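One structure below.
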Amino acid sequence: MEKDIREDIAWAKINGDVLKSLENPRKLYWVIIALALAAFGVGVACEVYQYNTGMGVANLDNPHVWGLYIATFIFWIGMSHSGTLLSAILHLMHADWRKPIYRFAEAMTTFSLMTAGLFVLVHIGRLWQFYYSLPYPNERGIWPNFQSPLLWDAMAIFTYLSSSVIFLYVGMIPDLAICRDHLHPGWRKKLYTLLSLGWEGTDRQWRNFRVTYLTVACFLIPLAVSVHSIVASDFAMSQQPGWHVTSFAPYFVAGALYSGCAAIITLFIILRYVFKFEEYMTLPILKKTVRLTFAIAMVWTYLNAIEFASVWYGHDVASKDVLIQKMVGPYAYAWWGMIFCGSIVPLVLAFKRFQTNIPVLLVISLLLNLGMWLERWMIVSPTFSHGYYPWTWDHDQWPSWVQWGMVFGSFGWFTLLFMIFCKVFPSVSMYEVKEMVYHRSLHSKKGDTAEQGAH
Amino acid sequence: MHRIFHLSVFLIGLFSAATVYAADASQSAPMTPDSQWPLVEQPIEFPHNRHAKDMQIDCMYCHTYARRSAVAGIPPLQKCIGCHQSIESVRESPRIKTLFEYWEGSEDGKIAAKTPMPWKKVHDLPDFVRFNHERHIKRFIEQQNRPTQEVCGYCHGDVAELTVARRSKALSMGWCASCHEKEHPVTAAGGTPIGDQAYWYGFYKSEADAAGGDLKAHGPNDCWQCHK
Amino acid sequence: MMDSGFDRRDFLKVLGWGGAAVALSGCGNTSVEDGKETVVSYSEPADYVIPSIGVYYNSTCAQCDAGCSINGRVREGRVLKLEGNPNSTVNRGKMCGLGQAGVQHHYNPDRVREPLLRTGNQGQTISWEDAYKLIAEKTQGVSGDQIAFLSGGVSGHLKVLLGNYLDSLSCKNHFVYEAIAPGVARAANKKSYGVAMPRFSINKAKVVLSFGADFLGSWVSPVHFSQQYAQFRKGVDGQRGVLVQVEPKMTLTGANADRWVAIRPGTEGVLALGIINALGTATGDIAAAVKAYDRDRVSEETGVPAGQIDKIAAMLKLHSPSLVLAGSAAEGYEHGSQNAAAINLLNHVLGNVGKTVEMTEDMPFPQMSPETGNTAALTSLNNGLAASKYKVLFNFAANPVFTASGAMNFKENMAKADFKVAFAHYLDETALQADLVLPLDSPLEDWGTQVPEYLATCAQINIQQPLMEKLHANTRGMGDILLSMLKQRQPDDYNGYEDYYGYLRSAVLSVKDALGGASVDDETFWNRTLSGGIIKFEGSVNKLSANASAAGLKLPSHSEAGGDYPLRLIPGVTASMRDGRHANQPWLQESPDPLTTIVWDSWVEIHPKKAAELSIAEGDIVEVTSKTGSIKAQAYLFPGIHPEAISVPLGRGHEAMGRYAKGYGVNPFQILDAVFDKETGELAMHETRVKISKTGQRVIVVKDEGAAGGQQMGKKIAVRVSSDDVDLSEEV
Amino acid sequence: MSQRHILALFSNFDEAEAVISELRSANIDGFNFDDLTLKSPIEHHEVEEVLGDRSARVQWFTLGGALMGGLLGFWLISGAQANFFAQMKGGKPIVPLPPNFILTYEMFILGGVYISILGFLICAGLPAKRSPLYSTTVSEDQIGILVKAEESAIAKIKSVFLSHEALEIQEEAGK
Amino acid sequence: MSVTNLLDDWAKFRHPHPVDDKPHDPYKWAMAIDLDACSGCNACSVACYAENNIPVVGKDKFLHGQSMHWMRIERYWDEDGRDFPDQGVQFLPMMCQQCEAAPCETVCPVAATNHTSDGLNSQIYNRCIGSRYCSANCPFKVRYFNWYDYPTTDDVWPAEMTQQLNPDVSVRGKGVMEKCTFCVQRLHEAKVVAKGEGRIVREGEVQTACQQVCPTNAISFGNLMDPDAKVHQQWQAQQVELDKDKQAKDENEGGSELRGYRILEELRPYPSVMYLERVRESAI
């Protein structure tokens with residue numbers, strides 16, 4: 001059994017390697033940034049056009065009023081859950097192999113939430129009146145409707161976003177101190193000096209740090225769960241066939257973790273290559289992540305199955321119709337695509353030989369994400385085109401290039417944020433890697449002494 | 001250390017204060033103190049003070065539509081002329097001259113005869129807000145016999161002190177509400193349901209009947225009263 | 001509410017309050033915007049005018065000739081909406097979609113605003129004076145019979161003035177043309193009842209058997225019949241009326257029938273005789289005439305199951321009185337008159353004449369009673385033009401270039417006249433061919449009187465009065481135009497009248513006593529008339545002639561359609577499009593056709609079976625070819641049509657007439673063969689035979705109906721019960 | 001008598017542990033054990049244990065914050081629903097409990113997280129000024145022990161440090 | 001003083017609706033549509049365009065399903081697989097059902113659609129931010145969204161046509177949801193008059209545009225609380241009760257001679273529109 005990480009890495013080296021990733025970017029980095037910017041530009045252009053012309057250009061219609069925007073919104077929200085999974089859940093479970101990779105996962109959480117937020121905005125018909133939905137005392141004397149799941153969404157996401165930003169930051173303070181101490185003077189140094197709040201790693205600081213980190217982690221887990229079950233309730237709380245499903249909350253959460261893990265694998269591979277993190281993002285860790293992903297994939301598949309089953313055997317004719325439509329109707333290709341990517345492809349992960357095969361994993365992880373995205377689309381659209389009222393069943397609503405453009409743009413936006421983050425802040429947690437190395441070495445020392453005793 | 005502790009206490013205090021404030025809706029309908037909104041340029045500087053204060057002319061003598069329709073109406077040219085052609089004293093004053101130019105047409109023929117005056121709207125609500133003068137006048141002047149100038153003043157300010165009318169009230173939704181949510185006496189004799197609040201009516205009915213239909217209730221609060 | 005009628009014009013001149021610009025800015029900004037907007041007050045308001053409160057005036061709907069009285073809501077000098085006038089016996093406060101769209105006829109952005117004179121291909125603006133002069137010149141040299149005046153149906157004082165004008169030109173050639181008119185029916189009715197348009201009391205009938213009379217959609221007086229229909233359904237003494245509709249293509253009425261019978265096109269008469277035979281109550285020559293029509297032969301010829309014929313006969317026997325109607329579907333053939341006669345005969349046999357088919361009161365002022373249009377008139381005009389008999393052609397309220405059968409080449413023939421004047425609201429196809437186009441007031445700006453052809457109860461004259469001031473300064477009312485032209489010719493007779501309004505007023509007041517105003521003075525009577533909008537008065541009633549004989553009744557035995565043109569083309573007449581004169585009213589374009597729910601376009605109705613045979617699917621662009629020509633349109637699979645026929649709706653396919661009409665759909669008039677009814681010479685609309693072929697293109701049909709295609713998918717949405725399961729007498 | 005700071009750096013935790021326990025046992029006068037601060041690149045239980053019970057109180061902030069958030073949340077929402085423009089919606093009561101509980105829950109968490117972070121800053125004394133003696137190697141791989149003591153005691157303490165092969169010793173300049 | 005409101009009116013704020021112990025009073029606007037009388041002529045739909053400033057979207061947008069007709073006439077064929085629809089077709093006028101427990105209301109994030117005191121489902125254009133959740137949750141799909149800015153779109157309201165716009169009804173800009181309002185502007189006008197005279201609106205004083213135009217009187221509209229109102233009598237005769245989701249008709253299957261029903265009643269939105277089943281003669 002090979003080790004998750006070499007135990008004899010000098011701590012100084014750890015600092016060195018990670019800090020290196022902050023300095024003089026490689027050409028590849030700039031390429032990625034450029035691509036991201038371009039993609040984001042497309043999205044912005046589309047939004048400007050839609051803002052000026054009206055939502056009609058997205059080729060939505062009555063009654064098919066939601067489209068890719070909401071689907072992609074859910075997709076990004078889902079993506080965010082992996083960060084919490086690694087940093088909070090695994091933290092409580094003392095799975096220390098998470099340590100080298102949780103930082104970027106958390107960053108991913110934050111940024112995918114920011115991306116999701118964008119979709120709430122572009123989806124709104126009167127963006128310029130968006131502030132109506134914020135609960136603040138105003139000269140109109142009226143309030144938003146606290147009964148609306150959309151509002152729950154807003155508050156949940158706000159809570160989630162701010163909490164995970166804080167969590168990310170607090171967890172980063174010791175590292176910021178390191179940067180402060182070991183970087184050459186310059187704006188970065190100033191920045192770190194400011195952000196590290198004069199951290200010196202005194203016993204008092206460490207003690208409170210530990211407690212805080214733990215409590216916040218405890219809060220984040222239920223929060224993350226609530227966030228996605230609330231997103232689920234946008235649909236489950238409604239009356240529409242195919243949406244009004246009891247199992248939606250866990251189904252969404254599972255889906256969220258699923259897509260999150262898939263995304264982690266992708267980014268893991270990319271970072272590992274771009275920033276030369278082979279030492280820390282080691283194959284054994286990747287393997288663990290992959291196995292985790294596989295497990296979640298199976299959970300998701302199971303939840304999928306029971307949802308269909310319950311609809312199938314239930315007496316709700318309408319929702320059964322919708323299900324059948326998904327399978328054979330205009331959306332069939334997307335639906336089967338989702339089944340394939342979401343439930344068939346992950347089976348590959350069950351094979352040891354693929355669990356560490358980087359190219360294969362890259363492809364698979366992308367496929368999984370595609371599958372998850374299709375899943376969200378298949379939740380949103382078919383119900384509209386096949387609701388309770390036959391007269392308004394519409395011909396398949398193929399999204400216009402405006403919608404596609406914005407979906408595309410969102411990936412640019414995400415990549416942009418993420419890449420900038422990785423250059424400005426240490427994307428591998430140095431102090432925790434140190435801890436990991438330290439404890440492991442202690443452990444193995446004990447092991448050695450034990451052996452000598454035996455002789 | 002202590003500094004920070006105080007800070008934190010202060011912050012918490014602030015947070016809770018804000019929440020209480022927010023939770024209290026009446027706060028959120030600020031009664032903006034009467035203030036003078038910018039003056040509006042009118043074709044002639046019509047002296048409201050002269051008519052309303054010195055002459056003691058009832059508002060609704062000129063704004064005659066107010067009690068019969070949703071809009072108060074700018075008095076028709078005819079009305080001004082009706083009096084002024086018999087008031088020689090001011091006949092030659094520049095403002096009256098212009099007035100007559102609009103009625104008879106100007107010498108240079110720029111203004112045709114009987115051209116309505118291009119007044120500018122002073123109290124101009126957004127187009128999706130519908131304020132009904134008739135209702136308010138019926139309610140306060142006819143049912144409760146309050147003096148006209150006072151009632152009009154609720155929204156139009158003390159016009160008797162102005163020349164050309166000038167806005168002095170907020171006219172924001174919250175401002176309207178600040179009056180609507182007051183408990184006004186309801187003469188249920190007129191069969192008016194409690195503040196037109198059918199949903200509440202069920203609850204208030206008993207009280208109403210007990211009070212012989214004579215009790216207080218707040219004004220209409222459903223959105224479609226003003227927005228359609 | 002009603003206006004006193006006093007100082008109408010002055011009132012109409014006042015300016016609007018705020019204006020639509022305000023309304024338009026909708027729910028945009030949320031701030032209180034002082035001092036930006038001007039408020040325009042009235043200068044001298046009439047005291048009944050209160051800003052923000054609607055004033056209502058009665059007038060008459062001019063969208064079709066049914067003569068519904070309307071009640072226009074006017075606010076701040078703008079007419080906003082039309083409602084029905086409750087006091088009218090025709091429409092009793094109700095209206096149809098077509099009538100509702102009247103305001104769009106008035107506010108239409110494509111109206112002609114100036115008199116136009118053709119120079120080359122340009123229309124060049126000229127003044128009215130010049131226009132009148134020009135007309136005077138052109139009519140000077142030529143003799144009366146070289147002048148032709150083509151118009152739609154006219155009645156009331158306009159008809160009188162027009163007559164006088166033509167007399168002053170000593171012109172006898174007044175052609176009254178309606179593209180879609182029950183011309184054959186009128187003739188047949190005259191024969192069998194002694195009157196062209198008797199009164200049909202659907203509400204008194206227990207059973208209505210209609211041979212393609214679309215009385216709920218477009219036939220004669222739809223709004224009136226719709227109301228009768230409602231009563232008929234509620235039933236006389238709780239017994240619900242039963243409607244049986246026999247027609248090859250389902251109309252709106254057919255869609256509402258208890259039993260819709262698809263019949264082989266053209267064999268309606270045969271079925272009628274077959275039913276008489278099955279009734280077995282006929283005697284004398286009728287019995288003899290129908291003897292040959294035994295159920296099997298009839299069933300074989302008409303394609304109606306024998307059992308069905310018996311059922312219908314039984315139903316008619318059981319419930320009396322009943323009512324049998326002969327509609328356009330039965331009349332559009334060479335033997336149309338025969339069909340109609342046979343069908344009317346059925347009424348006689350059933351003893352409905354006098355019960356549900358009643359005599360109308362006749363109009364005491366024949367000079368005002370309606371001059372109804374037909375298609376024969378156009379034929380003769382066309383022949384005349386072809387022989388270049390006419391030098392000057394006037395055209396008013398008709399659009400022959402669009403509605404004439406393609407086989408007539410009307411457009412070419414029209415060109416043969418040297419000087420063509422069109423009195424028009426729009427530059428429609430005909431106006432474009434004219435040398436001089438004179439812009440007309442909209443019916444909501446103009447004065448007039450109108451006498452409906454179909455009189456619901458008593459005799460009546462409908463008043464048409466302006467609901468608001470003119471939109472465009474340079475349009476004139478037809479009445480005013482005729483008056484000024486008459487002033488040119490007979491100054492001393494007509495200079496007395498300041499304008500058409502004056503003429504109208506004095507004309508009406510001159511017969512005030514006969515109009516039941518004997519007791520009151522002129523002023524009161526006139527005001528009462530204007531505020532009422534209708535003058536009702538008793539006319540004399542004489543009996544219907546009970547001429548029930550089958551003499552001369554002979555129906556051709558059904559000839560198998562076949563050869564190059566296997567299908568019959570049924571030009572569909574829809575309630576909103578009719579002959580296409582209102583195709584430029586967007587509300588009508590966008591209101592879905594009730595049966596296909598298609599908007600903004602034409603379509604070809606074809607039975608699913610036939611379609612399967614020809615492997616045609618919905619949305620296929622098919623080419624429909626007749627001897628005369630061919631059109632391309634999208635196919636719509638429609639179960640409500642006889643497999644041997646296809647149907648294309650009339651009214652769309654304009655090449656002119658403005659943004660809302662031009663280029664939407666196709667015009668089936670173009671491919672109608674010039675076949676005529678043997679007796680009346682009316683164009684036999686249903687005689688055209690066509691072949692149909694796929695072009696290979698396919699489009700998505702623009703319709704309201706969703707992908708479920710009018711299926712309820714097992715949901716309880718529009719529910720139907722059998723008459724046994726309900727008890728209507730209990731209901732409110 | 002003025003006090004002075006002295007900082008010693010050690011290469012591993014065992015040494016540091018030894019030093020601390022020694023300083024603790026040998027109660028040198030002029031040196032209060034509480035004036036000893038340990039600075040380490042990673043957190044380390046054993047050593048902290050040696051330092052005796054210096055407890056953390058963040059959790060109390062958390063508790064308070066969470067409760068406050070929850071309560072205020074519910075109050076805010078129900079209050080807002082019951083304002084003058086109270087409108088019926090979908091046949092539900094004007095103050096419907098289930099949705100309010102959901103939002104209360106979110107506010108509960110929000111308050112909890114925010115206030116515990118506040119608590120952390122307070123308890124950990126952040127943001128803090130730089131202490132007089134600090135070595136950047138602490139954030140790399142060395143363990144520092146910072147002591148504040150009377151002039152008199154400094155020498156003794158130093159010797160203790162040296163006895164445990166301190167890599168480096170920094171002293172505040174004497175007054 | 002909302003908090004104080006809360007404290008002394010707690011019970012009232014916790015009261016669900018519709019329930020029999022707190023009846024609508026004095027107004028509850030409702031409708032009854034007799035499908036046996038309805039001839040599907042579309043007059044109501046056009047009248048609605050005229051009264052409520054509904055934009056004509058044109059062919060392309062209609063093709064994309066972006067039509068705005070608040071009132072649509074649905075046409076259903078028989079599903080018995082015969083060659084000809086020989087019992088005619090079924091027409092159904094469908095507009096906002098003004099549900100008592102409307103699914104659209106609870107989900108609007110900004111409370112732009114509410115249940116008014118007189119039992120209507122209000123839609124406040126200027127409050128709407130266009131999240132379209134209401135439409136998503138409407139079982140009847142009778143809500144229409146302004147996909148484009150129609151007031152400024154060519155040929156929707158060209159120059160003169162703007163003058164036809166009804167000043168009592170806001171013209172909707174892009175990005176807001178709209179739907180049938182039961183002609184609330186007319187109701188409001190009637191109420192103002194009645195209030196002025198210290199009484200409630202009487203039967204016949206107010207008509208909706210569709211009701212007024214309907215040539216067959218298939219639509220009746222009025223105050224369900226008013227015993228003189230035709231609509232009240234019809235609902236009573238058909239034994240349809242506002243706050244029930246199963247009516248007398250459903251209780252005894254087949255046996256009843258009642259025609260009244262409400263669409264998708266099983267979803268419990270408690271619609272304010274009762275339809276009367278279309279009758280077809282069985283003997284022919």
Side-chain angles (χ1 to χ4, degrees), chain A residues 51-66 70 120 123-134 140-154 234-235 237-241 243-244 318 380 383-385 387-395 397 400, chain E residues 2 57 60-69 72 74-76 92 94 103-114 124-150 152-153 173-177 179 263-264 267-269:
Chain A
Y51 184 100
N52 294 329
T53 324
M55 297 298 292
V57 296
N59 192 18
L60 296 162
D61 72 7
N62 308 321
H64 194 128
V65 291
W66 291 356
I70 293 295
V120 178
H123 163 80
I124 294 290
R126 297 210 298 166
L127 182 47
W128 51 96
Q129 304 287 34
F130 178 71
Y131 61 89
Y132 280 174
S133 59
L134 308 177
R140 295 177 292 280
I142 41 177
W143 292 85
N145 174 14
F146 295 101
Q147 295 184 44
S148 165
L150 277 188
L151 205 77
W152 310 346
D153 256 1
D234 284 349
F235 302 91
M237 291 280 167
S238 86
Q239 249 188 344
Q240 298 304 306
W243 284 2
H244 191 57
V380 175
T383 291
F384 280 115
S385 50
Y388 272 121
Y389 209 76
W391 185 259
T392 61
W393 287 359
D394 63 3
H395 334 81
Q397 260 306 309
S400 75
Chain E
S2 60
V57 299
D60 300 351
K61 298 192 174 96
F62 205 108
L63 169 63
H64 286 292
Q66 293 161 339
S67 57
M68 302 296 287
H69 46 43
R72 58 173 189 248
E74 295 166 5
R75 186 268 294 116
Y76 294 104
L92 181 92
M94 176 46 84
C104 53
E105 288 165 358
T106 44
V107 296
C108 173
V110 293
T113 178
N114 305 298
I124 312 305
Y125 308 125
N126 47 300
R127 176 67 174 172
C128 177
I129 62 171
S131 76
R132 312 195 283 292
Y133 202 166
C134 51
S135 169
N137 204 21
C138 171
F140 309 95
K141 300 299 178 200
V142 284
R143 294 177 145 264
Y144 298 91
F145 186 72
N146 283 270
W147 295 107
Y148 295 90
D149 194 35
Y150 292 112
T152 59
T153 309
K174 77 179 161 200
V176 297
M177 190 60 76
K179 66 166 190 71
I263 297 174
L264 295 182
L267 299 178
R268 296 184 193 80

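Here is the naming used below: chain letters follow the sequence lines, and residue numbers restart at 1 for every chain. The structure displayed is predicted, hence computed values, not measured ones.
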Inset, instruction - Kindly compute the distance separating CG (L264(E)) from OH (Y388(A)), expressed to the nearest 0.5 Å. - result: 8.0 Å
Inset, instruction - Count the heavy-atom pairs under 4.5 Å between each of Q66(E), R127(E), M177(E), H64(E) and chain A, then report the option with the highest count. - result: R127(E)
Inset, instruction - Any chance you could measure K61(E), atom NZ, to D61(A), atom CG, to the nearest 0.5 Å? - result: 14.0 Å
Legend entry - Atom pair NZ (K141(E)) and CH2 (W393(A)), whose distance is rounded to the nearest 0.5 Å: 12.5 Å
Legend entry - Minimum heavy-atom distance T53(A)-Y148(E), with the two atoms named: O-CD2, 3.6 Å
Inset, instruction - Measure the acute angle between the ring planes of W66(A) and Y133(E), then classify it against the limits of 30° and 60° as parallel, tilted or perpendicular. - result: tilted
Inset, instruction - Select, from R72(E), M68(E), R143(E), the one with the greatest count of heavy-atom pairs under 4.5 Å involving chain A. - result: R72(E)
Inset, instruction - Name the region of W243(A), side chain, backbone, both or neither, that has any atom closer than 4.5 Å to a heavy atom of chain E. - result: side chain
Inset, instruction - Test S131(E) against every option in I70(A), V120(A), V65(A), L150(A) by the side chain to side chain contact (heavy atoms under 4.5 Å, CB included) rule and name the one that passes. - result: L150(A)
Inset, instruction - Rounded to the nearest 0.5 Å, what's the gap from NE2 on H64(A) to CZ on R132(E)? Could you check? - result: 10.0 Å
Legend entry - S67(E) backbone acceptor or donor facing N62(A) side chain under 3.5 Å: yes
Inset, instruction - Please name the pair of heavy atoms, one in C108(E) and one in S148(A), separated by the smallest distance, quoted to 0.1 Å. - result: O-CB, 3.5 Å
Inset, instruction - Under the side chain to side chain contact (heavy atoms under 4.5 Å, CB included) rule, what do M94(E) and W391(A) come out as? Steps first, then yes or no, please. - result: CA-CA 10 Å; M94(E) 176 46 84; W391(A) 185 259; over 6 Å; no
Inset, instruction - Determine yes or no for a side-chain-to-main-chain donor-acceptor pair under 3.5 angstrom, with N137(E) supplying the side chain and S238(A) the backbone. - result: no
Legend entry - Closest non-hydrogen atom pair between I129(E) and I124(A), with its separation: O-CG2, 2.8 Å
Legend entry - Which atoms of D234(A) approach chain E - backbone, side chain, both or neither, heavy atom under 4.5 Å: both
Legend entry - Option in S133(A), P149(A), G387(A) with maximal non-hydrogen atom pairs under 4.5 Å from chain E: P149(A)
Inset, instruction - Please flag which part of L60(A) lies under 4.5 Å from any non-hydrogen atom of chain E: side chain, backbone, both or neither. - result: both
Inset, instruction - Against chain A, work out which of E105(E), E74(E), R75(E) has the most heavy-atom pairs shorter than 4.5 Å and name it. - result: E74(E)
Inset, instruction - Between chain A and each of A111(E), A136(E), S135(E), count heavy-atom pairs under 4.5 Å; write down the option with the most. - result: A136(E)
Inset, instruction - Quick one: closest heavy-atom pair of P139(E) and Q239(A), and the distance? - result: CG-OE1, 3.7 Å
Inset, instruction - List the atom of T106(E), the atom of N145(A), and the distance in Å for their closest heavy-atom pair. - result: O-ND2, 2.9 Å
Inset, instruction - Select one option (side chain, backbone, both, neither) describing which atoms of F235(A) are under 4.5 Å from chain E's heavy atoms. - result: backbone
Legend entry - Heavy-atom pair with the smallest gap, counting every atom of N126(E) and Y132(A): O-CE1, 3.3 Å
Legend entry - Value rounded to 0.5 Å, distance of OH in Y389(A) from CD1 in I263(E): 4.5 Å
